Amino acid sequence: MASPTGDDLDGVNESRKYPDETVVRVFCMRTTRDAYPSGWAYKLHYGATEPNPPRTLADGTIRRYDNSHEDTKGHERHVAPDPNPDIIEFPGMVELWEQFWSEIPKSEFELT
């Protein structure tokens with residue numbers, strides 16, 4: 001698949017469950033809300049359908065990027081088994097999307 005554009009990612013909200021009991025959930029949306037100074041609200045989640053520490057975090061996360069608290073905490077990367085997220089620099093939505101898919105063992109979703 002060719003690299004997506006910001007327009008391709010704006011409004012993406014998809015999830016897929018796999019036979020190995022893992023799940024990918026992706027959400028990306030442009031926003032002008034003050035809580036999201038980057039101009040994006042997003043969650044890029046790869047996890048298990050059932051938590052299995054230390055393979056996962058308590059909520060089943062194996063790897064997740066999000067900015068749920070961007071205005072107070074910044075952009076976060078959650079990686080099992082460490083319960084404390086890393087604060088990361090936001091490279092841009094397209095770049096983060098590509099980084100996420102390069103780090104998980106699943107094929108990138110086709111965007112329509």
Side-chain angles (χ1 to χ4, degrees):
M1 175 178 163
S3 287
T5 66
D7 288 342
D8 294 331
L9 296 177
D10 187 21
V12 169
N13 189 6
E14 295 189 38
S15 64
R16 192 162 298 148
K17 182 178 173 185
Y18 298 90
D20 65 357
E21 298 301 315
T22 60
V23 64
V24 172
R25 294 183 192 99
V26 292
F27 165 76
C28 308
M29 179 182 73
R30 283 190 171 117
T31 181
T32 57
R33 291 182 52 206
D34 290 342
Y36 301 98
S38 68
W40 286 94
Y42 66 87
K43 286 187 179 132
L44 307 174
H45 171 89
Y46 172 61
T49 55
E50 294 293 326
N52 184 14
R55 181 176 170 261
T56 73
L57 299 179
D59 66 357
T61 296
I62 297 170
R63 179 175 298 271
R64 181 177 73 244
Y65 289 92
D66 71 71
N67 67 337
S68 298
H69 311 284
E70 181 181 347
D71 58 340
T72 58
K73 293 183 182 179
H75 300 265
E76 297 179 324
R77 176 181 55 218
H78 305 258
V79 181
D82 188 350
N84 300 311
D86 298 321
I87 304 302
I88 63 164
E89 289 294 320
F90 180 63
M93 196 66 247
V94 170
E95 294 82 358
L96 189 61
W97 174 270
E98 291 173 344
Q99 182 175 333
F100 170 75
W101 288 104
S102 75
E103 294 173 350
I104 68 166
K106 302 298 177 196
S107 297
E108 184 174 343
F109 290 175
E110 289 290 327
L111 301 174
T112 55

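Given the structure is predicted, the values throughout are model-derived calculations rather than measurements.
Each salt bridge (charged side-chain N to carboxylate O under 4.0 Å, His left out) pair with one or both residues in residues 42-60, not counting sequence neighbours, appears once here: Asp59-Arg64. Identified under the salt bridge (charged side-chain N to carboxylate O under 4.0 Å, His left out) test for residues 83-105, with sequence neighbours left out: Arg63-Glu103, Arg77-Asp86. Pairs engaging residues 19-29 under the salt bridge (charged side-chain N to carboxylate O under 4.0 Å, His left out) rule: Lys17-Glu21, Asp20-Lys106 [sequence neighbours left out]. Residue pairs that meet the ring pair (Phe, Tyr, Trp, His ring centres under 6.0 Å) test with at least one member in residues 50-85, sequence neighbours left out, are Tyr42-His75, His75-Phe90.
Glu70 contributes a side-chain N or O that, together with a main-chain N or O of Ser38, makes up a donor-acceptor pair within less than 3.5 Å.
With hydrophobic clusters built from ILVMFWY side chains whose heavy atoms lie under 4.5 angstrom apart, Phe27 does not share a cluster with Phe109.
One distance of note links CD1 of Ile62 with CG of Asn52; it measures 9.0 Å at 0.5 Å rounding. Atom CG in Leu111 sits 12.0 Å away from atom CG in Asp7 (nearest 0.5 Å). With values rounded to the nearest 0.5 angstrom, Asn67 atom CG is found 6.0 Å from Tyr36 atom OH. Rounding to the nearest 0.5 Å places CG of Asp82 at 8.0 Å from CG of Leu57. Separating the NE2 atom in His45 from the OG atom in Ser15 is a distance of 10.0 Å, to the nearest 0.5 Å.
Annotation: side chain of Asp71 is not in contact with side chain of Asp34 (no heavy-atom distance under 4.5 Å). For the pair Trp101 and Leu44, the minimum side-chain heavy-atom distance is 4.5 Å or more.
Closest approach of Met93 to Cys28, counting heavy atoms only: CE-SG, 3.8 Å. Taking each heavy atom of Pro53 and Pro51 in turn, the nearest pair found is CD-C, 3.6 Å. Here the shortest heavy-atom pairing between Ala80 and Pro54 reads CB-O, 4.0 Å.
A donor and an acceptor atom, one from each side chain of Glu108 and Trp97, are located under 3.5 Å apart.
For the side-chain contact (heavy atoms from CB on, under 4.5 Å) with Tyr46, the lone residue among Ile104, Thr56, Val23, Val26 that qualifies is Ile104.
For Arg16, there are no side-chain hydrogen bond (donor to acceptor under 3.5 Å, both in side chains) partners, not counting sequence neighbours. In this view, Lys73 satisfies the salt bridge (charged side-chain N to carboxylate O under 4.0 Å, His left out) rule with no residue, not counting sequence neighbours.
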Pair Met29-Asp10, side chain to side chain contact (heavy atoms under 4.5 Å, CB included): steps then yes or no: CA-CA 5 Å; Met29 179 182 73; Asp10 187 21; 4.1 Å; yes
